[in-house]
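To start, the structure itself, in structure tokens.
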Amino acid sequence: MNEPTNATTESTPIMIRLRTETRPDHDAVESVGYQAALVEGRLPRAAYVASLGQLLHIHQRLEDALVRHADDCPPIASVVQPHQFQVGNLRADLEHFGVTDMNADPLPATATFVSEIDAIASDRPVALLGPQYVLEGSKNGGKFLASRVRAMYELEGRDGTRYLDPYGEAQRDRWNAFRDAMNTLALPESDDVAVIDASRLTFRRITEMYSELFERLVGEA
Ligand code: HEM
């Protein structure tokens with residue numbers, strides 16, 4: 001017997017849709033010059049430190065918005081947990097590298113993205129779960145990237161890699177918990193689409209940010 005044609009879309013868990021529909025965006029961010037240099041162990045330390053400063057702007061704005069909307073947007077309250085927040089880890093990493101000015105000049109892509117986060121927060125707060133998915137998901141590859149960074153800059157323990165590898169051994173369990181919380185939401189289709197669109201925008205802006213940073217500091221795109 002044939003199922004109604006819209007049954008698959010309506011019943012596909014959002015985390016499956018996010019993984020499938022953002023795969024090209026993940027491929028793009030993974031292959032920017034910055035990431036290739038990091039994986040190959042030849043990323044200048046200044047570029048790594050500068051990326052933390054850019055990510056601080058993004059996380060600051062996103063995490064402020066998530067906290068602000070936890071009361072009026074139940075899906076945010078059920079998915080977002082304080083341990084997911086990265087502002088403290090970014091500050092600790094920057095401090096480890098001797099950075100005292102936590103307000104680096106935002107690159108064009110960073111400046112654009114933080115205003116887009118503001119727009120999402122005021123137009124459709126539930127879509128903030130898109131950027132949160134991308135940044136929480138980035139901790140999966142981050143664990144491997146942290147091991148490269150430790151070797152490259154001769155770091156000990158968690159120093160300088162708290163952002164990339166915040167969960168240590170709890171990584172798999174925390175990702176599974178995030179996935180389950182997202183899938184339990186069962187949002188209306190229009191909200192699912194808004195979350196997916198916002199996650200694709202996040203990948204795009206972060207890809208641009210890394211490209212701009214690498215071009216300025218390393219001289220390649
Ligand atoms: C060279 C850099 C990177 C590598 C090698 C890498 C690698 C990985 C790996 C191995 C996974 C886990 C796949 C699985 O267990 O199914 C993953 C997942 C993920 N990564 Fe990356 N990653 C990189 C950069 C990034 C960046 C910069 C972001 C975001 C800004 C990102 C976002 C994500 C997301 C959202 C997921 C979860 C995908 C899902 O829904 O299952 N990754 N990555």
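What you see is a predicted model; the values in this text were computed from it and never measured. We count ligands from 1, going down the list as the structure has it; atoms in each ligand are counted the same way.
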(request) Kindly state if atom 29 (C) of ligand 1 has a protein heavy atom within a strict 4.0 Å cut-off, that is, under 4.0 Å? (result) yes
(message) Can you tell whether the side chains of Asp165 and Arg158 come within less than 4.0 Å, N to carboxylate O?
(response) no
(request) Give the minimum heavy-atom separation between Val32 and Ser211, together with the two atoms involved. (result) CG1-OG, 3.7 Å
(request) Keeping waters out of it, list the protein N, O or S atoms under 2.8 Å from atom 21 (Fe) of ligand 1. (result) His26 NE2
(message) Among all the protein's heavy atoms, is there at least one whose distance to atom 23 (C) of ligand 1 comes out below 4.0 Å?
(response) yes
(request) Not counting sequence neighbours, list each pair that qualifies as a salt bridge (Lys or Arg N to Asp or Glu O under 4.0 Å) and has a residue in residues 195-204. (result) Asp25-Arg200
(message) Can you tell me if Glu40 has over 12 outside heavy atoms packed within less than 6.0 Å of its CD?
(response) yes
(request) Using the side-chain hydrogen bond (donor to acceptor under 3.5 Å, both in side chains) rule, pick out the option among Arg174, Lys139, Gln84 that qualifies with Tyr167. (result) Lys139
(request) May I ask you to identify the nearest protein heavy atom to atom 15 (O) of ligand 1, giving residue, atom name and distance to one decimal place in Å? (result) Arg172 NH2, 3.6 Å
(request) Give the residue and atom name of whichever protein heavy atom lies nearest to atom 41 (O) of ligand 1, and the separation in Å to one decimal. (result) Arg19 CD, 3.1 Å
(request) Would you check if Glu212 and Gln54 make a side-chain contact, meaning some heavy-atom pair closer than 4.5 Å? (result) no
(message) Please work out, at 4.0 Å between heavy atoms, whether the side chain, the backbone, both, or neither of Leu135 comes within that distance of ligand 1.
(response) neither
(message) Looking at Asp71 and Arg68, is any side-chain nitrogen of the basic one under 4.0 Å from a carboxylate oxygen of the acidic one?
(response) no
(request) Measure the distance from atom 2 (C) of ligand 1 to every protein heavy atom, then report the residue, atom name and distance (to 0.1 Å) of the closest one. (result) Gln35 OE1, 3.6 Å
(message) Determine whether any protein heavy atom is located less than 4.0 Å from atom 13 (C) of ligand 1.
(response) no
(message) Tell me whether the count of non-hydrogen atoms from other residues, nucleotides or ligands lying under 6.0 Å of CG in Asp105 goes above 12.
(response) no
(request) Measure the acute angle between the ring planes of Phe97 and Tyr153, then classify it against the limits of 30° and 60° as parallel, tilted or perpendicular. (result) perpendicular
(message) As an exercise, identify every atom of ligand 1 less than 4.0 angstrom from a heavy atom of Leu145.
(response) 1 (C), 2 (C)
(message) Suppose we measure from atom 40 (O) of ligand 1 to each protein heavy atom; which comes out shortest, and what is that distance?
(response) Tyr133 OH, 2.6 Å
(request) Indicate, as side chain, backbone, both or neither, the part of Thr22 found under 4.0 angstrom from ligand 1 when only non-hydrogen atoms are considered. (result) neither
(request) Give a yes or no on whether a salt bridge exists between Arg17 and Glu189, defined as a side-chain N under 4.0 angstrom from a carboxylate O. (result) yes
(request) Could you list which atoms of ligand 1 come closer than 4.0 Å to a heavy atom of Val39? (result) 1 (C)
(message) Is it true that Arg205 and Thr112 share a donor-acceptor pair across their side chains at a distance under 3.5 Å?
(response) no
(request) Please confirm whether His57 and Phe113 have ring centers closer than 6.0 angstrom. (result) no
(request) Answer with yes or no whether Leu18 contacts ligand 1, where contact means a heavy atom under 4.0 Å from a ligand atom. (result) no
(message) I need the nearest protein heavy-atom contact for atom 37 (C) of ligand 1: residue, atom name and distance, please.
(response) Trp175 CZ2, 3.7 Å
